[in-house]
Amino acid sequence: VFLLLATTHSAFASNESTFHRLYEAGLRADSAKNYSEAKELYENALNTARINKLPEEFISNSMLNLGRMQGYLCDLSLIHI
């Protein structure tokens, strides 16, 4: 039982670490105004959070920043009003 708990905790910590690595790389790309790269990193962070059932705030933060990047990358010339 202890080995199972230790393995589960280790996997969660690894998944959380992967999320943070992707999210922080997204923040750096965002800060450098490299919005395409940031969008991809936030999307990967979001997928990591969802697949691994990480806490809701991880999902929420990723979605917020992903949405901002999609807004920055929006080509307004394609919108017909």
Side-chain angles (χ1 to χ4, degrees):
V1 172
F2 176 73
L3 182 59
L4 177 62
L5 289 175
T7 303
T8 302
H9 177 70
S10 176
F12 178 80
S14 174
N15 294 332
E16 192 172 337
S17 175
T18 299
F19 169 84
H20 285 297
R21 182 178 49 78
L22 291 165
Y23 187 79
E24 289 171 11
L27 290 173
R28 287 190 298 276
D30 184 353
S31 179
K33 297 187 184 330
N34 187 345
Y35 300 131
S36 293
E37 181 181 354
K39 177 182 176 262
E40 183 178 334
L41 289 161
Y42 289 138
E43 193 166 34
N44 290 339
L46 175 60
N47 290 333
T48 298
R50 284 181 169 163
I51 289 168
N52 296 292
K53 299 180 181 4
L54 296 180
E56 290 294 319
E57 59 266 19
F58 290 25
I59 294 170
S60 176
N61 288 334
S62 298
M63 289 177 73
L64 173 71
N65 287 318
L66 177 57
R68 282 188 320 100
M69 294 309 103
Q70 289 174 327
Y72 290 151
L73 295 169
C74 182
D75 185 353
L76 296 178
S77 68
L78 298 176
I79 298 174
H80 302 284
I81 300 178

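Remember, predicted model here, so these are calculated numbers, not experimental data. Computation of the quantities below employed the complete heavy-atom set of this structure, encompassing side-chain atoms and omitting hydrogens, waters and symmetry-equivalent molecules. Residues: numbered from 1 along the sequence shown.
Residues passing the side-chain contact (heavy atoms from CB on, under 4.5 Å) test with Asn44, sequence neighbours excluded: Leu22, Glu40. Listed by chain and number, the residues in a side-chain contact (heavy atoms from CB on, under 4.5 Å) with Leu73 are Tyr35, Ser36, Lys39 (sequence neighbours excluded). Here Arg28 pairs with Glu24, Ala25 under the side-chain contact (heavy atoms from CB on, under 4.5 Å) rule; sequence neighbours left out.
Rounded to the nearest 0.5 angstrom, Ser62 OG and Glu57 CD are separated by 10.5 Å.
One hydrophobic cluster, built from ILVMFWY side chains closer than 4.5 Å, cannot hold both Leu66 and Leu41; they sit in different ones. Hydrophobic clustering of Ile, Leu, Val, Met, Phe, Trp and Tyr side chains at less than 4.5 Å, counting indirect connections, keeps Leu46 apart from Leu64.
Note on ring orientation: taking the six-membered ring where Trp is involved, the planes of Phe58 and Phe19 are parallel (angle under 30°, cut-offs 30° and 60°).
Residues Arg50 and Met63 have side chains in contact (heavy-atom distance under 4.5 Å, counting atoms from C-beta outward). In this structure, Tyr42 and Asn61 have side chains that are not in contact, with every pair of non-hydrogen atoms separated by 4.5 Å or more.
Arg68 and Asn65 form a side-chain donor-acceptor contact under 3.5 Å, judged by distance and modelled atom types alone.
Looking only at distances, no side-chain donor or acceptor of Asp30 sits under 3.5 Å from a matching main-chain atom of Gly26.
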